[in-house]
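Everything on this sheet refers to the single structure shown next.
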Amino acid sequence: MTGLKRAKPRHFLDLNRVDAGELRVMLETAGRMKRGAAHDGEAKPLAGKTLAMIFEKPSTRTRVSFEVAASQLGGHAVVLEPSGTQLGRGESVADTARVLSRYVDAIMIRTTKESILLEMAEHATVPVINGLTDVTHPCQLMADVMTFEERLGPIEGKAVAWSGDGNNMATSWIHAAVRFKFELRLACPELLRPPQSVLDWAAAEGGRIVVSSDVEAMVRDADAVVTDTWVSMGDDDGETRHNMLRSYQVDDRMMAMARPTAIFMHCLPAHRGDEVTASVIDGPQSVVWDEAENRLHAQKGILAWCLA
Ligand code: CP
Ligand code: NVA
């Protein structure tokens with residue numbers, strides 16, 4: 001990496017830290033990339049550039065979609081597993097950020113703690129992208145909004161129901177509901193609600209978010225039903241979670257409460273028989289494979305925006 005870098009890099013840390021208009025720019029770019037309609041000068045924004053990817057947790061979709069996106073945009077990706085780097089031996093996140101910024105043009109990090117992402121962003125002089133933390137997963141939501149709109153048109157004013165753990169995905173859905181102006185109804189057990197600070201932020205922003213343990217009330221007439229694993233990476237109370245979440249499983253009965261045109265969404269990986277039945281995830285209302293594909297297109301929109 002040579003030459004001058006912008007004084008303030010364009011990080012993609014969370015949907016609540018980026019304006020709605022900018023998020024739309026990324027989705028429009030993603031759509032053009034998917035249709036093969038990117039105009040001259042837009043198709044290869046990573047030409048000669050390198051993306052570093054740090055994974056403190058496992059990944060299939062995020063890792064492969066970013067690596068393929070970097071390559072298709074004319075660039076290159078380097079994957080770093082902490083165990084194989086000095087990060088794993090205690091080199092600080094700040095020093096790692098400073099050093100990587102001298103080699104690469106952007107850093108994507110999937111980390112166990114949000115504080116590590118924020119420290120990386122504070123000390124990097126190149127854009128930092130959140131590839132999932134314990135509290136959010138914004139790249140996934142860009143692919144999810146893209147998928148919803150491909151199937152059902154503009155998401156603004158529509159109703160999305162979440163059934164399950166109020167986890168990192170639930171928080172990013174809340175951020176998305178505010179930014180893209182849709183109604184979000186979360187059915188969660190009392191002990192697994194999204195953080196109150198996130199709900200307070202959404203309320204202050206005028207978001208239409210409801211949280212309840214009444215699954216039927218949340219799912220009724222929804223345009224989309226969404227869930228995620230009951231045990232996220234880093235959770236160590238699997239049995240307790242299964243007991244609390246059993247009645248939140250998305251099954252055919254629950255899908256029948258939503259609108260007849262409703263879609264089923266899941267970021268994957270899925271656990272058939274736990275958070276969703278095979279009949280739903282493998283059934284006609286499921287859009288999970290489009291969601292997975294759209295990770296690739298959405299990453300391109302995000303990378304192009306960060307490096308613009
Ligand atoms: N949905 C998602 O982020 O998948 P991976 O954990 O495989 O990256
Ligand atoms: N909530 C899940 C999402 C995986 C993509 C986790 O954090 O493990």
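Counting starts at 1 for both ligands and their atoms, in listed order. Hydrogens, waters and symmetry mates play no part in the numbers below; they use all other heavy atoms, side chains included.
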How far is [atom] from the closest protein heavy atom, and which atom is that?
| atom | value |
| --- | --- |
| atom 3 (C) of ligand 2 | Asp228 OD2, 3.6 Å |
| atom 4 (O) of ligand 1 | Arg61 NE, 2.8 Å |
| atom 8 (O) of ligand 2 | Met233 N, 2.8 Å |
| atom 3 (O) of ligand 1 | His137 NE2, 2.8 Å |

Going by distance only, is there an N or O of Arg295 that falls short of 3.5 Å from an N or O of ligand 1?
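Checking ligand 1 against Arg295, an N or O pair does fall under 3.5 Å apart.
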Does ligand 1 come near enough to Met233 that some N or O of the ligand is less than 3.5 Å from an N or O of the residue?
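No, since none of the N or O atoms of Met233 sits under 3.5 Å from an N or O of ligand 1.
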Atoms of ligand 2 less than 4.0 Å from [X] heavy atoms?
| X | result |
| --- | --- |
| Leu268 | 5 (C) |
| Asn167 | 1 (N) |
| Asn168 | 1 (N), 2 (C), 6 (C), 7 (O) |
| Leu132 | 3 (C), 4 (C), 5 (C), 7 (O) |

Under the 3.5 angstrom rule, does the side chain of Ser286 hit a backbone N or O of Ile281 as a donor-acceptor pair?
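Side chain of Ser286 to backbone of Ile281: a pair is present.
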With distance as the sole criterion, is a donor-acceptor pair present between the side chains of Ser213 and Glu190 under 3.5 Å?
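Result is no, nothing qualifies.
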Whether the Glu239 and Asn243 side chains hold a donor-acceptor pair (N or O, under 3.5 Å, no angle test) is what I'd like checked.
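Glu239 vs Asn243: no donor-acceptor pair found between side chains.
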For Asn168, give me all partners under side chain to side chain contact (heavy atoms under 4.5 Å, CB included), at least two apart in sequence or on another chain.
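Side chain to side chain contact (heavy atoms under 4.5 Å, CB included) list for Asn168, sorted by chain: Leu132, Asp228, Ser232.
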Nearest 0.5 angstrom please: [X] [atom1] to [Y] [atom2], how far?
| X | Y | atom1 | atom2 | result |
| --- | --- | --- | --- | --- |
| Gln299 | Leu303 | CD | CG | 7.0 Å |
| Thr29 | Leu73 | OG1 | CG | 10.0 Å |
| Trp289 | His266 | CH2 | NE2 | 9.5 Å |
| Met108 | Asn130 | CE | CG | 9.0 Å |
| Asn167 | Trp230 | CG | CH2 | 13.0 Å |

Using a 4.0 Å cutoff against the non-hydrogen atoms of [X], which atoms of ligand 1 qualify?
| X | answer |
| --- | --- |
| Thr60 | 5 (P), 7 (O), 8 (O) |
| Cys267 | 1 (N) |
| Leu268 | 1 (N), 2 (C), 4 (O) |

Does Leu132 come within less than 4.0 Å of ligand 1, judged by its heavy atoms?
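It does not; every heavy atom stays at 4.0 Å or beyond.
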Arg110 near ligand 1, heavy-atom distance under 4.0 Å?
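Flag set, Arg110 near ligand 1.
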Any N or O of Ser232 that comes nearer than 3.5 Å to an N or O of ligand 2?
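Yes: some nitrogen or oxygen of Ser232 is under 3.5 Å from one in ligand 2.
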Any pair with a residue in residues 106-129 that passes salt bridge (Lys or Arg N to Asp or Glu O under 4.0 Å), sequence neighbours left out, goes on the list, sorted by first then second residue, please.
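Salt bridge (Lys or Arg N to Asp or Glu O under 4.0 Å) check on residues 106-129 returns no pairs.
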